[in-house]
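In what follows, every heavy atom counts, from backbone to side chain, and hydrogens, waters and symmetry copies are set aside. When a residue number appears, it is its place in the shown sequence, counting from 1.
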Amino acid sequence: MKKHIKEIISVSNEIYDKGLVPGKAGNISKRIKSSNGDIVAITPTLKSLAILKEEDIVLVDMNGNVLSKGKPSSEVNMHLEIYKKRPDVNAIVHTHSTYATGFAFSDKKIKRLEGFGEIKNEYLPYIEYEKPGSAQLAKNASEKIIGEDVLILKKHGVICVSDSLKEAELLAVFVEESAKTQFVTFMLNSAEDI
C-alpha cells in the first residue's frame, strides 16, 4: 500500500510543479486491486497537491466508505463511478490546467493531436457543466468517458484515465500542451499582418 501512496504523492507534486493543478485544485486517484475487493487511494479535499504527505492520502472502498483517516476529494464519487464502469482504468488524474481549462470555458474544442495514441475522433470529448462534486457530474462523466482516455468538463477542467498513474499524468501533460499549441495557433491566425 505504501508504494501506491508514495506514487500518488510523487505524481501530485509533479502535476502541481507543471502548473496543471494550481492552488488547491485538482485530484488524483489510483485503484488498488485486492482479493478482498478494490480499494481506491485518493487525494484529500481542500489540500494543495504540492504539499501532500503520506497520511493525507485517503483510502475508500468502491462504495465510498472511508477506510482511513481524512476526508477524500469532493470528486471521489466521480472517480468511483469511472472505476465501476471502466474495469480497464486503474488511475485518474483530474486537472485544472490553464489552457485546457480555458478551452473548457470557451466554445472552442480541443483537437486530438498525434502523439498520444490512435486518433479515432477529431476532437476531445466533453460534457456540459455540472456542479463539481455532484452526483450528476459523476454520472455524466463516467458515462461519457467510456471508450475514451480524456474528457473535458465544461467550465471546470480535464479528466485523464489510464491503466497506470504515470500514463494518466503523461496524458494530462499532453492535453495541456495540445491546448497550448492550439491557442497559439488561434492567436497567430487571427493576428493581422503588420
Inset, instruction - Check whether any side-chain N or O of Ser190 sits under 3.5 Å from a backbone N or O of Met187 as a donor-acceptor pair, and report yes or no. - result: yes
Under 3.5 Å, which donor-acceptor pairs do the side chains of residues 19-30 form with other protein atoms, sequence neighbours left out?
unit_1	atom_1	unit_2	atom_2	d
Asn27	OD1	His79	NE2	2.6
Asn27	ND2	Ser73	OG	3.2
Ser29	OG	His79	ND1	2.7
Ser29	OG	Tyr83	OH	2.7
Lys30	NZ	His4	ND1	3.0
Lys30	NZ	Glu7	OE1	2.4

Legend entry - Whether His94 and His156 hold their rings parallel, tilted or perpendicular, with breakpoints at 30° and 60°: perpendicular
Inset, instruction - State whether the side chain of Asn63 and the backbone N or O of Asn65 hold a donor-acceptor pair below 3.5 Å, judged by distance alone. - result: no
Legend entry - Lys84 NZ: over 12 foreign heavy atoms closer than 6.0 Å: yes
Legend entry - Passing candidate, side chain to side chain contact (heavy atoms under 4.5 Å, CB included) with Phe103, options Gln182, Lys109, Lys111: Gln182
Legend entry - Criterion side chain to side chain contact (heavy atoms under 4.5 Å, CB included) on Leu165 and Val93, from CA distance to verdict: CA-CA 8 Å; Leu165 199 49; Val93 172; 4.0 Å; yes
Legend entry - hydrophobic_cluster_shared for Val173 and Ile15, side chain cutoff 4.5 Å: yes
Inset, instruction - Quick one: do Ser162 and Glu167 satisfy side chain to side chain donor-acceptor pair (under 3.5 Å)? Show the steps, please. - result: CA-CA 6 Å; Ser162 183; Glu167 282 294 307; 4.9 Å; no
Legend entry - same_hphob_cluster(Val150, Phe105) at 4.5 Å side-chain heavy-atom cutoff: no
Legend entry - Expected output: side-chain Ser10 to main-chain Lys6 donor-acceptor under 3.5 Å: no
Legend entry - Presence of salt bridge, Arg112 and Asp149, under 4.0 angstrom: yes
Legend entry - Partners meeting salt bridge (Lys or Arg N to Asp or Glu O under 4.0 Å) with Lys18 (sequence neighbours left out): Glu169
Inset, instruction - Examine Val11 and Tyr16 and state if one hydrophobic cluster contains both, with Ile, Leu, Val, Met, Phe, Trp and Tyr joined whenever side-chain heavy atoms are less than 4.5 Å apart. - result: yes
Inset, instruction - Would you confirm whether Glu176, through its side chain, and Ala100, through its main-chain N or O, come within 3.5 Å as a donor-acceptor pair? - result: yes
Legend entry - Donor-acceptor pair, side chain of Arg31 and main chain of Met62, under 3.5 angstrom: no
With a cut-off of 3.5 Å and sequence neighbours excluded, list every side-chain donor-acceptor pair involving residues 50-60.
unit_1	atom_1	unit_2	atom_2	d
Asp56	OD1	Lys47	NZ	3.2
Asp56	OD2	Lys47	NZ	3.1
Asp56	OD2	Lys53	N	2.7

Legend entry - Test item: Arg86 side-chain N/O and Ile145 main-chain N/O as donor-acceptor pair under 3.5 Å: yes
Inset, instruction - Please check if Phe186 and Leu124 belong to a single hydrophobic cluster, counting links between Ile, Leu, Val, Met, Phe, Trp and Tyr side chain heavy atoms closer than 4.5 Å. - result: yes
